[in-house]
Trainee: 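Here it is, the structure in full.
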Amino acid sequence: MHTNTNNMNDWIYSLSSILNNTETIVEKCQEMELQPNLSFQALDTILVAQLAALVHLKEYTRAKDLSRRYSSLVRDHSSSHLPQFLNLWRALKPLFRFHSQHLSDSSVKPLTNAETTSFEKMQIATIYESLNTCIATGGGNILSVFARELQLSIRDTMAKAIERIYDVIHIDHCKYLLGYSTLEKDGQQQNMEEYLFKERHWTFESSSGLWIPRNSPLDGKEEVFGKGCDSRIKSLTKYSEFLERPSLNA
C-alpha cells in the first residue's frame, strides 16, 4: 500500500497536462483525495489538477461540488492551506457564474442582440483575464501550466461554438470571444490569425473586417449582431446549450 501511495504521489507531481486522458486524471485525483495523512501541499496539487480537468471536460457542476467539499479551507483566512486551488477557483468564478446564470436555467429569456454582444464581451473577457492572472503569478508551477491550458481549452470551445452559431463574425467581437483582446494589453497576444487560419481553417475579408468560420454557407454578410443578419443564425440559447455539453474529445 505504501508503494502504491508513493507511485500516486509521483504521478501527480509529474503531471504536465490536463488536456489528454482527462477522465483518468479526474478519477486518479479523486482516489488520491482519500489517502490518509495527505499533506496540504499534496492536496493543493491534487485539487488544482482535478478542478482544471473538470473544467476542461465542461463538468461545471462537479467542479463547484469539489470546491464545496473544501469550503472550510478555501475561505480567505485559510487560503495559505490551499493557495493554488484557491487562486484557480477564484479565476474560474466568472465562468461558473456564466454557467449558473445562462446555462442551467432553460427558462432564462435569451438576450437581445445588443445585450448579447455587451454581455459576452464583459463576461468572457473576464474569464480570460482571470486565468491570465494565474499564469502571470504562477511562476511556472502547476497552477500556471493548467491555467494556460484552460485558456486554450476555453478558446477552442468558443471557436467551436462560433462555428456552430455564426455565419460571419466581426474581428473585434471575435477577439473578445477568443480571449485575444484581454491578452493584447499585456503584450502576450498570441497570433489570432495563425490560430484561425491554420488550426480552424477560417477565412477573412479584410475589406469588411469579417471572419468567416469554416463550413459557413455565407460568403460575406454583415456581422451576426449587425444589420441584415441571416434568419438561420441561432440565439444565445443554442450557444449556451453547446457550452453546457460535456466534451467528447478529452
Side-chain angles (χ1 to χ4, degrees), residues 1-100 126-157 179 182-183 186 188 246-247 250:
M1 181 68 179
H2 182 68
T3 302
N4 183 61
T5 299
N6 287 338
N7 290 339
M8 294 291 283
N9 288 337
D10 291 342
W11 173 83
I12 190 63
Y13 285 117
S14 65
L15 187 62
S16 60
S17 175
I18 48 87
L19 299 182
N20 301 304
N21 303 314
T22 314
E23 286 282 9
T24 300
I25 291 173
V26 172
E27 292 172 2
K28 286 191 175 182
C29 286
Q30 290 174 338
E31 180 181 346
M32 293 181 70
E33 281 186 78
L34 302 178
Q35 288 186 20
N37 303 318
L38 199 63
S39 68
F40 279 123
Q41 180 181 2
L43 180 61
D44 195 23
T45 302
I46 292 167
L47 294 180
V48 167
Q50 188 176 172
L51 179 59
L54 287 170
V55 171
H56 177 54
L57 292 171
K58 292 182 278 189
E59 294 280 1
Y60 303 129
T61 300
R62 291 172 65 189
K64 287 184 282 188
D65 288 343
L66 176 63
S67 178
R68 292 189 188 101
R69 293 207 298 272
Y70 294 92
S71 59
S72 63
L73 294 177
V74 297
R75 297 191 182 111
D76 289 345
H77 68 276
S78 301
S79 61
S80 60
H81 291 315
L82 304 170
Q84 295 186 101
F85 179 64
L86 177 61
N87 286 337
L88 184 57
W89 169 252
R90 285 173 170 168
L92 291 170
K93 275 188 174 182
L95 179 63
F96 296 140
R97 281 196 295 269
F98 180 86
H99 174 264
S100 297
T126 302
I127 295 170
Y128 289 108
E129 287 175 348
S130 298
L131 288 171
N132 204 44
T133 299
C134 288
I135 294 170
T137 60
N141 59 16
I142 193 171
L143 172 63
S144 177
V145 171
F146 292 166
R148 187 178 298 280
E149 289 194 328
L150 285 177
Q151 276 192 340
L152 299 177
S153 174
I154 293 170
R155 176 173 295 137
D156 283 345
T157 297
T182 62
L183 303 179
D186 297 325
Q188 300 178 21
S247 174

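Model, not experiment: these values are computed from the prediction.
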Trainee: Are more than 12 heavy atoms, taken from residues, nucleotides or ligands other than Q41, located less than 6.0 Å from that residue's CD atom?
Mentor: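 Counting other residues, nucleotides and ligands, CD of Q41 stays at 12 neighbours or fewer.
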
Trainee: Hey, can you pull the donor-acceptor pairs under 3.5 Å for the side chains in residues 47-55, sequence neighbours left out?
Mentor:
from, atom 1, to, atom 2, distance (Å)
Q50, NE2, E33, OE2, 2.9

Trainee: For E27, give me all partners under side-chain contact (heavy atoms from CB on, under 4.5 Å), at least two apart in sequence or on another chain.
Mentor: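 Once residues adjacent in sequence are excluded, E27 has no partner under the side-chain contact (heavy atoms from CB on, under 4.5 Å) criterion.
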
Trainee: How close do F85 and S67 get, heavy atom to heavy atom, and via which atoms?
Mentor: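 F85 and S67 have their closest heavy atoms at CZ-CA, 4.1 Å.
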
Trainee: So which heavy atom on L38 is nearest to which on M32, and how close?
Mentor: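 Nearest heavy atoms, L38 then M32: CD2-O, 3.7 Å.
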
Trainee: Judged by atom type as modelled, is there a donor-acceptor pair below 3.5 Å linking the side chain of N87 to the main-chain atoms of P83?
Mentor: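 Judged by distance alone, yes, a pair lies under 3.5 Å.
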
Trainee: So, T133 side chain and E129 main chain: donor-acceptor pair closer than 3.5 Å or not?
Mentor: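 Judged by distance alone, yes, a pair lies under 3.5 Å.
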
Trainee: Check whether any side-chain N or O of Q151 sits under 3.5 Å from a backbone N or O of L131 as a donor-acceptor pair, and report yes or no.
Mentor: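 The answer is no, because no donor-acceptor pair under 3.5 Å joins these two groups.
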
Trainee: Between R68 and D65, does the salt bridge (charged side-chain N to carboxylate O under 4.0 Å, His left out) criterion hold? Intermediate values first, please.
Mentor: CA-CA 5 Å; R68 292 189 188 101; D65 288 343; 2.6 Å; yes

Trainee: Using the test side chain to side chain donor-acceptor pair (under 3.5 Å), find all partners of T24 that sit at least two apart in sequence or belong to another chain.
Mentor: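 Scan of T24 (side chain to side chain donor-acceptor pair (under 3.5 Å), adjacent residues dropped) gives none.
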
Trainee: Would you compute the distance between atom NZ of K64 and atom NZ of K93 and round it to the nearest 0.5 angstrom?
Mentor: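 Output value for this atom pair is 12.0 Å.
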
Trainee: If I compare all heavy atoms of R69 with all of L66, which pair ends up nearest, and what's the gap?
Mentor: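 In terms of heavy atoms, the two residues are closest at NH2-CD1, 3.0 Å.
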
Trainee: Kindly give the heavy-atom pair with the smallest separation between I25 and I18, and that separation in Å.
Mentor: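 Distance-wise, the nearest heavy atoms are CD1-CA, 3.8 Å.
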
Trainee: Do V26 and C29 have side-chain heavy atoms sitting under 4.5 Å apart?
Mentor: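 No, their side chains stay 4.5 Å or more apart.
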
Trainee: Ignoring hydrogens, what is the shortest heavy-atom contact between T126 and P94? Give both atom names and the distance.
Mentor: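 Where T126 meets P94 most closely, the heavy atoms are CG2-CG, 3.5 Å.
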
Trainee: Got a second to check how far S153's OG is from K58's NZ, nearest 0.5 Å?
Mentor: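 One gets 8.0 Å once the value is rounded to the nearest 0.5 Å.
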
Trainee: For the pair F40 and H81, name the ring-plane relationship: parallel under 30°, tilted 30 to 60°, perpendicular over 60°.
Mentor: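 F40 and H81: parallel rings.
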
Trainee: Looking at every non-hydrogen atom in both residues, tell me the closest pair between S17 and L19 and how far apart they are.
Mentor: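 Shortest heavy-atom separation between S17 and L19 comes out as OG-N, 3.1 Å.
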
Trainee: In Å, rounded to the nearest 0.5 Å, how long is the span from OH of Y60 to CG of L95?
Mentor: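 That separation rounds to 4.5 Å.
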
Trainee: For the CG atom of L150 and the CZ atom of R148, what is their distance to the nearest 0.5 Å?
Mentor: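 The CG atom of L150 sits 11.5 Å away from the CZ atom of R148.
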
Trainee: Distance from S144 atom OG to L88 atom CG, nearest 0.5 Å?
Mentor: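 Nearest 0.5 Å value for the OG-CG distance: 11.0 Å.
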
Trainee: Could you grab the distance from atom CD1 of I135 to atom CZ of F146, nearest 0.5 Å is fine?
Mentor: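 The CZ atom of F146 is 13.0 Å from CD1 of I135, to the nearest 0.5 Å.
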
Trainee: Verify side chain to side chain contact (heavy atoms under 4.5 Å, CB included) between Y70 and L43, making sure each step is shown before the conclusion.
Mentor: CA-CA 11 Å; Y70 294 92; L43 180 61; 3.8 Å; yes

